[in-house]
Engineer: 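Mind having a look at this structure? Questions to follow.
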Amino acid sequence: MKLVFERSKAGRGMDLFPACDVPAYDLPENLKRVVAPRLPEISEIDLGRHYTELAKQTHGVNDGFYPLGSCTMKYNPRINEEMCALPGFTKVHPLQSEASVQGSIKVLAKAEQILTEITGMDRMTFQPAAGAHGEYTGLLLIRAYHLANGNTERTKIIVPDSAHGTNPASAIMAGFKVVNIPSAPDGCVDIDALRKAVGPDTAGLMLTNPNTVGLFDRNIGEITKIVHEAGGLCYYDGANLNAVMGMARPGDMGFDCVHINLHKTFSTPHGGGGPGSGPVGCKEFLAKFLPGEMPEENNGTLTMGVPSESFGRVRTFNGNFLVVVRALTYVLSMGKEGIPEASQNAVLNANYLMNKLKGAYDMAFDRICMHEFVMTLDKLHHDKGVSALDVAKRLLDFGIHPPTMYFPLIVHEALMVEPTETESKETLDEAAEIFLKIMDEANNAPDEVLSSPHGTPISRPDEVRAARTPVLKYNFEA
């Protein structure tokens, strides 16, 4: 399809802005542009068609099954959008007086109260803008704690080899060295390797539970105990909290701080890179180091106060506030009964689909999973030359967004499937039939899979070239 700049014709335009309802202000000459910005000149009908075409070429949860592993692409209830669109939330300014934004501060306070209860923490900051940002913030908490206690020798963070790639990156950004430990044959943490890794230089452990292969680590209590006895702290990556919310709390597993992906677990549209929110919760002994300002109640009035030994800010003001509004709406709508029911259904759906595919597809770990499961197509690739990528491309022809491919790295030719709790049994049955049909094609007519997709606007772009030489801006001179 054409870019909006390619649709542009000099002299065309439209009027979409309402009349100005405030006095006009003329900027000083030194603040004005010397050269006008290169904006597309386009009619309203062409602009409408442009965005409609873009929408048709985009696959979202509203379009069809979206089992993107480790991403929790659940359906987002419309009431969330209605609440966060209320003028009382959309028309506030972060520099308004506290007295004039009591409702917004109450949202933060209420969300903190509920989410700390769900995670087993004591305080929570909403500054971080996304999951990886939350990881970084949690690690800064750990760093601040050790420095405050004079433990400058604690410079290492232990990270399992099945972790999200952002975990080691966040640790490095926070000034730590990363110690990678292998997974045991069961896909969980190798306890012996962990014992060998901890020591006087251990600052902490980063762990996701359920982990990246969709398994709840049966040794989680022992794992956090080993780290604590070595003097380290335990950080919980909340990427997979959707499997256990309302059922098991990170704080009860022995974790000292946690980040939550509000845009995943607590229902905000997040395909395409945003919006996100990665609030960080912690135990009371870490709360004095939290970044930014926190809601407090003084004589019946809500105010925002800075923790006594805060390490500063990680973002302006209080993060992506409207994502917090959506999350609070979701939690209050679900209630104490609905939150655990959602996680139970997420686990039920994943196990149902896994068992429908088991036999035709090889499971990386043949045991009850949590919210997601990982298949390995290593044998299929060896025998028929059909890879995980090929199967993923073929799924596009059936209106299914592919699962996560080639992750985690500990599983060869991996496809990671997370159906989420919002999919019906009928949808899962239809998806299973399609997966089985593709496997039959791979075994008996592999060219059908190898040449796919057949019905998409483009077939197989050069992904290596796109990664190495991306075109990030429009070439006006071309």
Side-chain angles (χ1 to χ4, degrees), residues 94-102 104-130 133-155 157 170-171 173-176 202-206 224 227-228 231-236 238 249-252 254-260 262 277-321 324 328:
L95 295 180
Q96 281 182 229
S97 66
E98 292 178 344
S100 67
V101 289
Q102 286 291 291
S104 296
I105 300 177
K106 188 173 182 179
V107 166
L108 295 173
K110 187 67 174 177
E112 180 185 9
Q113 174 196 342
I114 293 175
L115 294 175
T116 51
E117 181 180 349
I118 289 174
T119 56
M121 297 290 140
D122 296 310
R123 293 304 309 268
M124 184 168 289
T125 175
F126 292 94
Q127 277 212 331
H133 200 191
E135 294 171 21
Y136 174 67
T137 303
L139 289 163
L140 290 183
L141 278 180
I142 293 174
R143 183 172 180 268
Y145 169 80
H146 286 309
L147 291 178
N149 288 285
N151 297 326
T152 56
E153 76 283 359
R154 294 193 177 275
T155 58
I157 294 290
S170 297
M173 286 186 65
F176 293 107
T202 299
L205 166 77
M206 296 186 78
T224 54
V227 176
H228 284 150
L233 300 183
C234 297
Y235 169 86
Y236 184 94
R249 308 195 307 172
D252 299 336
F255 289 94
D256 304 294
C257 54
V258 53
H259 94 261
I260 307 173
L262 290 189
S277 180
V280 170
C282 66
K283 295 289 190 171
E284 187 60 42
F285 73 94
L286 290 174
K288 61 184 178 181
F289 304 112
L290 283 167
E293 299 176 330
M294 309 282 292
E296 299 173 350
E297 185 171 347
N298 291 311
N299 299 320
T301 301
L302 290 169
T303 61
M304 299 295 287
V306 179
S308 60
E309 297 179 45
S310 173
F311 58 71
R313 288 185 173 276
V314 293
R315 197 179 187 277
T316 53
F317 306 111
N318 285 286
N320 290 334
F321 174 68
V324 181
L328 181 59

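These values consider heavy atoms only, across backbone and side chains, with no hydrogens, waters or symmetry-generated copies.
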Engineer: For a quick test of reading the model, state the closest non-hydrogen atom pair linking F126 to A111 and the distance between them.
Structural biologist: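 For F126 and A111, the tightest heavy-atom pair comes out as CZ-CB, 3.6 Å.
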Engineer: With side chains defined as the heavy atoms from C-beta onward, is the minimum distance between E153 and N151 less than 4.5 Å?
Structural biologist: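 A side-chain contact under 4.5 Å exists here.
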Engineer: Got a second to check how far L205's CG is from D256's CG, nearest 0.5 Å?
Structural biologist: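 Answer rounded to 0.5 Å: 10.0 Å.
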Engineer: According to the side-chain hydrogen bond (donor to acceptor under 3.5 Å, both in side chains) rule, which pairs have a member within residues 137-146, sequence neighbours left out?
Structural biologist: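 Those involving residues 137-146 do not exist here.
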Engineer: Any non-hydrogen side-chain atom of V107 less than 4.5 Å from a side-chain atom of F321?
Structural biologist: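 They are in side-chain contact.
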Engineer: side-chain contact (heavy atoms from CB on, under 4.5 Å) with T202: which residues, sequence neighbours excluded?
Structural biologist: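 Counting only residues at least two positions away or on another chain, T202 forms a side-chain contact (heavy atoms from CB on, under 4.5 Å) with R154, I158, V198.
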Engineer: If you round to the nearest 0.5 Å, how far is SG of C282 from CE of M124?
Structural biologist: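 So the gap between those two atoms works out to 8.5 Å.
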Engineer: Looking at L108, T125, L262, which one forms a side-chain contact (heavy atoms from CB on, under 4.5 Å) with P279?
Structural biologist: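 For P279, the side-chain contact (heavy atoms from CB on, under 4.5 Å) test succeeds with only one of L108, T125, L262, which is L262.
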Engineer: Taking ring-ring contact (aromatic ring centres under 6.0 Å, His included) as the cut-off, I'd like each qualifying pair that reaches into residues 298-320, sequence neighbours left out, listed once.
Structural biologist: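 Residue pairs passing ring-ring contact (aromatic ring centres under 6.0 Å, His included), neighbours aside: none found.
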Engineer: How would you list, by chain and number, every residue that makes a side-chain hydrogen bond (donor to acceptor under 3.5 Å, both in side chains) with S100, sequence neighbours excluded?
Structural biologist: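 If we apply the side-chain hydrogen bond (donor to acceptor under 3.5 Å, both in side chains) test to S100, skipping adjacent residues, the hits are Q96, S97.
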Engineer: Looking at NZ of K283 and OG1 of T119, how far apart are the two atoms once the value is rounded to the nearest 0.5 Å?
Structural biologist: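 The NZ atom of K283 sits 8.5 Å away from the OG1 atom of T119.
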Engineer: Applying ring pair (Phe, Tyr, Trp, His ring centres under 6.0 Å), name anything that partners Y236, two or more places apart in sequence or on another chain.
Structural biologist: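 Per chain and number, Y236 pairs via ring pair (Phe, Tyr, Trp, His ring centres under 6.0 Å) with F255.
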Engineer: On a heavy-atom basis, which atom in T155 and which in A203 lie closest, and how many Å separate them?
Structural biologist: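 Closest approach of T155 to A203: N-CB, 4.4 Å.
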Engineer: Can you name the side-chain hydrogen bond (donor to acceptor under 3.5 Å, both in side chains) partners of Q127, sequence neighbours left out?
Structural biologist: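 Q127: no side-chain hydrogen bond (donor to acceptor under 3.5 Å, both in side chains) contacts found.
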Engineer: Got a sec, which pairs hit salt bridge (Lys or Arg N to Asp or Glu O under 4.0 Å) with one end in residues 107-116, sequence neighbours left out?
Structural biologist: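 Sorted pair list: E112-R123.
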Engineer: With sequence neighbours excluded, tell me which residues meet side-chain contact (heavy atoms from CB on, under 4.5 Å) with T152.
Structural biologist: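 Partners of T152 by the side-chain contact (heavy atoms from CB on, under 4.5 Å) criterion, ordered by chain and then number, come out as L147.
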Engineer: Sequence neighbours left out, cut at 3.5 Å: what donor-acceptor pairs do the side chains of residues 285-307 make with other protein atoms?
Structural biologist:
| residue | atom | partner | partner atom | Å |
| --- | --- | --- | --- | --- |
| K288 | NZ | E309 | OE2 | 3.4 |
| N298 | ND2 | T303 | OG1 | 2.9 |

Engineer: How close do E98 and Q102 get, counting heavy atoms only, and between which atoms?
Structural biologist: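 Shortest heavy-atom contact: O-NE2, 2.9 Å.
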Engineer: Under the rule for salt bridge (Lys or Arg N to Asp or Glu O under 4.0 Å), what residues qualify as partners of D252, not counting sequence neighbours?
Structural biologist: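 With neighbours one apart ignored, the set is R249.
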Engineer: For A129, enumerate each residue passing the side-chain contact (heavy atoms from CB on, under 4.5 Å) test, keeping only those at least two apart in sequence or located in another chain.
Structural biologist: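 With neighbours one apart ignored, the set is H133, R315, N320.
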Engineer: Is there a side-chain contact between M173 and L139, using heavy atoms and a 4.5 Å cut-off?
Structural biologist: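 In short, these two side chains do not touch, never coming nearer than 4.5 Å.
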Engineer: Distance check, rounded to the nearest 0.5 Å: C257 atom SG versus E135 atom CD?
Structural biologist: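 If we round to the nearest 0.5 Å, C257:SG and E135:CD are 11.0 Å apart.
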